[in-house]
Structure formats: C-alpha cells, structure tokens
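In what follows, a single structure is set out as structure tokens and then discussed.
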Amino acid sequence: MIRIIFFAQLREQLGCAGIEVEAAEAKSIDELKKYLCEINPQWKQFIESKKILVALNHEYVRSNLSLKAGDEVAFFPPVTGG
Amino acid sequence: MIRIIFFAQLREQLGCAGIEVEAAEAKSIDELKKYLCEINPQWKQFIESKKILVALNHEYVRSNLSLKAGDEVAFFPPVTGG
Amino acid sequence: MPFSISIQKDDFDVGNEYASLVMNDTHAGAVVFFVGRVREMNQSRRVSGLSLEYYSGMTERVLEQILESAKQRWDLLSVRIIHRVGRLQLMDQIVFVGVTSKHREQAFQAAEFLMDFLKTQAPFWKKEITEEGEIWVEANQKDKVASERW
Amino acid sequence: MPFSISIQKDDFDVGNEYASLVMNDTHAGAVVFFVGRVREMNQSRRVSGLSLEYYSGMTERVLEQILESAKQRWDLLSVRIIHRVGRLQLMDQIVFVGVTSKHREQAFQAAEFLMDFLKTQAPFWKKEITEEGEIWVEANQKDKVASERW
C-alpha cells in the first residue's frame with residue numbers, strides 16, 4: 001500500500017486527511033494523481049492545482065518519481081509558517 | 001576659554017586628557033590644531049594624523065569650523081565600540 | 001546542544017534560550033535572534049489567534065536541512081530553532097531562531113537565511129481566527145522573493 | 001519606553017529587555033535582537049577582558065541620531081540600545097540592540113543598520129586586556145564597509 005496524506009486547506013477541501021492506495025494502482029506520482037481524481041472526480045480541481053506541493057517520503061518532489069509499496073506521499077498547499 | 005579633550009590612545013600618546021585654550025588663540029579648528037602643536041611640538045605627529053577625528057560641541061566636524069569661547073572640541077581615534 | 005530544533009505546543013522563554021545558546025562559549029562574540037509573534041492585524045483582518053498545523057516527520061527534516069545549509073555557508077557556533085504548533089493567542093510567541101557566531105555579519109545573515117527558508121520551505125500552515133471566521137493564511141510572495149536572494 | 005538608549009556600567013538581562021520591548025504590543029509581529037559579547041580571540045590575541053571608554057554627552061547624542069535615522073527608514077515599533085562601558089570580562093555582554101516591527105525584514109534591516117552605525121559612528125573605544133598587555137583595538141575596515149552599504 002501507498003499512504004497518501006493531505007494537509008491544511010487541501011484536507012478541508014477534499015474532506016479527507018489521508019487514504020491508502022494499492023501500489024499496483026499508482027506506479028508514479030502522476031499515476032497516483034490520476035487515480036485519485038478518478039475515484040473522486042470532485043478532487044480534480046484541488047489535486048491538480050498548480051499551487052499544490054507534493055512530498056514523497058518527507059522530501060519535496062518536483063518530477064514524476066516512481067512509487068512503491070510503503071511509500072508516503074503528501075499533498076499540501078504552499079507553506080505559511082514562521 | 002575653549003575646552004579641549006582627548007580620548008583613548010590619543011590621550012595616552014599625548015599624556016593629557018584635556019586642556020583649556022584662550023578663545024583668542026584659536027579662532028578655528030585649524031588654528032586650534034596649529035596652536036596645540038606649537039605649545040607641544042611632540043603632539044604634532046598625533047594631532048595631525050589623518051586618522052584622528054574631531055568633534056565640536058558633540059558633533060563630528062569635517063571642515064574648518066570657527067570657534068568661540070565656551071566651545072568644546074574633542075580629538076579622538078577611530079571608534080571601536082559595539 | 002549547540003544545534004537544535006524543536007517543534008512544540010509549549011511556549012518558550014527567550015531569556016532561557018539565549019542563556020543556553022551562549023553558555024560557557026568564549027568565542028560567541030555575536031548573538032542574533034528573531035522572535036515571531038501573533039499580531040493583531042494581518043492584511044487588514046483583525047486576528048485573535050492562530051491555529052498552526054505541521055507535517056510530523058517532514059517538518060523536522062526540512063528544518064534540519066535548512067540548518068545544515070546555514071552551517072555550510074557561515075561559521076556558526078550554535079543555532080536554536082523553535083516553532084510552536086497548535087492553538088495560539090494574540091501576542092503569543094510563534095517562532096524563535098537564535099544564532100551565535102564569532103562575528104555579527106555572519107550571525108545576522110544566518111538568522112535571516114534561516115527565517116527566509118523556514119517561511120518558504122518548512123511545512124507549517126497557519127489558520128487565522130478572525131472576526132469573520134477561520135481563514136487559512138495565503139503564502140506570501142514577499143517571503144518567496146526573500147528566500148530567492150540567497 | 002518604546003525607544004530608549006542606555007550607556008551603563010551594569011550588566012543587562014536579555015530576557016527582561018525582550019519582555020519590555022514587546023510588552024502589551026499587539027502589533028509587534030517581529031522582534032530581532034543582537035547581543036555583542038567579549039570573546040576570547042581577537043586577531044589572534046588571547047583576550048581576558050576589555051576596558052571600554054566613551055565620550056559622555058557626544059556618545060548619547062550620536063546614538064540618538066542613529067536611532068532617529070533608523071526610525072525614518074523603517075516602520076519600527078520599539079528600539080532598545082544598551083552599551084556597557086568600564087571594565088568587562090571574557091564572555092561579558094557588551095552591547096544590546098533590540099528592534100520590534102510588524103514585519104521581519106524591517107526588524108532585521110534596522111537591527112543591522114543600528115549595529116553598523118553604532119560600530120562606526122558612536123564614540124566608544126575598546127582596550128583589550130591580553131597576555132601581552134593592554135592593547136587599544138584598531139578600527140575595523142570591514143565595519144566601515146558595512147556601514148557604507150546603507
């Protein structure tokens with residue numbers, strides 16, 4: 001399984017803090033996004049927003065990395081700490 | 001009288017913390033410097049050093065201002081606080 | 001602990017943090033620190049408090065990476081980063097960044113660098129509690145520009 | 001006292017100074033401060049202490065002028081400047097500059113500006129107590145360059 005988590009306003013927009021996805025369903029970040037939007041079409045506008053940041057196993061990712069079972073993928077809006 | 005004071009290493013080099021000069025003897029900063037070097041020729045190399053800063057009545061002076069009785073003139077080396 | 005990071009709900013004491021940063025350090029000629037606090041007005045909204053969320057695991061890691069970059073760029077003797085999370089009230093302290101170095105220009109630059117990257121890279125999200133309800137804070141273009149100068 | 005300057009023999013408490021700077025201030029989102037301390041090595045001399053001299057009357061006036069310039073350039077809520085004089089030991093605190101503002105970039109810039117001009121303009125002179133005797137500190141070209149960037 002791949003663990004998917006959402007933060008801040010994205011979590012509220014999706015109405016979901018996190019889900020698990022079978023590794024077979026998403027072999028890359030792009031496939032994962034596509035899969036998430038297929039199972040929840042109302043997520044598409046949020047997940048595909050250019051502003052949304054993606055992290056794989058606690059590291060920012062800016063390209064279409066491949067995924068494997070046990071990975072953790074996070075989607076979140078621009079950060080506003082400090 | 002004009003009050004003249006010296007600080008830090010300049011005071012130690014001159015062996016003098018301050019003196020008073022008759023206003024008639026020094027009508028300007030340049031005249032004052034000349035007068036001081038006349039009465040104490042061994043001061044010349046220190047007083048005329050390009051590094052030495054001059055203040056008139058607590059304000060830095062960079063030109064040959066005129067002096068009057070009651071003025072306070074200070075000579076000191078570059079500052080090193082902080 | 002010359003270099004340490006905390007993410008915590010609890011408040012911190014600036015005097016104690018300062019004392020720990022310089023304790024027994026005969027070389028720390030310069031100490032710079034920054035404290036961020038909850039302020040009343042933000043983009044013309046009246047704020048009574050904040051709710052701060054973070055990404056446990058990743059936030060610590062990003063802060064460690066930022067700290068590591070700062071150590072490589074400047075000659076630092078100690079650094080302390082504290083960021084609070086959870087519910088905060090008006091005037092509460094949010095963040096502390098303290099840096100010691102031999103020289104002041106290094107301490108100043110490192111502290112600014114740490115704050116600029118903390119603001120733009122570390123996964124924290126602020127929700128403001130305002131008269132008009134709870135509002136997620138939008139990322140600031142000015143912070144992005146500030147982080148790009150390094 | 002949102003804006004104040006002290007020249008004093010006594011030590012200061014950083015925690016107390018910080019508390020005074022922000023007390024009841026709902027707008028002070030950013031606090032930056034700098035502390036300068038007596039450090040062990042300076043230009044490869046081993047320092048055991050300092051003797052600090054100033055020009056009573058002029059030093060206060062120059063610090064007030066520097067503070068006034070900072071207030072004109074940045075939107076500052078409070079500033080505290082403390083400079084110690086007399087005999088200081090290794091690790092003693094020498095100088096404190098604390099600045100509060102709504103925004104961090106203003107607080108950082110003002111604190112650096114104040115320190116750069118304090119270093120190059122305010123009449124203070126340091127004599128180091130070293131193993132080789134007492135040595136007047138020479139003015140630093142780096143400080144002069146730093147003050148010329150503003």
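Below, chains carry the letters A, B, ... as their sequence lines are ordered, and counting in each starts from 1. What's counted below: heavy atoms across the whole structure, side chains too, no hydrogens, waters or symmetry copies. Keep in mind that what you see is a predicted model, and the values were worked out from it rather than measured.
No more than 12 heavy atoms of other residues, nucleotides or ligands lie within 6.0 Å of NZ in B:Lys51, so this atom counts as exposed by the packing criterion.
At a 4.5 Å heavy-atom cutoff, the contact between D:Gln121 and chain B is made by backbone and side-chain atoms alike. Contact annotation for B:Ile5: only side-chain heavy atoms (C-beta onward) come within less than 4.5 Å of a heavy atom of chain D. Neither the backbone nor the side chain of D:Val97 has a heavy atom closer than 4.5 Å to any heavy atom of chain B. Proximity to chain B (any heavy atom under 4.5 Å) is restricted, for D:Tyr54, to the backbone atoms N, CA, C and O. Neither the backbone nor the side chain of D:Lys144 comes within contact range of chain B; no heavy atom of the residue lies under 4.5 Å from a heavy atom of that chain.
Between D:Arg61 and B:Glu59, the closest side-chain pair of non-hydrogen atoms falls below 4.5 Å. Contact of the B:Arg11 side chain with the D:Trp125 side chain is not registered, since no non-hydrogen atoms from C-beta on lie closer than 4.5 Å. Residues B:Thr80 and D:Trp136 fail the side-chain proximity criterion, which asks for heavy atoms closer than 4.5 Å. Proximity of D:Glu134 to B:Glu12: side-chain heavy atoms (C-beta onward) are nowhere separated by under 4.5 Å.
Taking all atoms of both residues into account, the shortest heavy-atom contact from D:Ala139 to B:Val79 is CB-O, 4.0 Å. Closest non-hydrogen pair, B:Ala55 versus D:Met58, comes out as CB-SD, 3.3 Å. Of all the heavy atoms in B:Gln9 and D:Val137, the pair that sits closest is NE2-O, 4.2 Å.
Ranking B:Ala8, B:Pro77, B:Pro78, B:Ala74 against chain D, the residue ahead of the rest is B:Ala8, based on heavy-atom pairs under 4.5 Å.
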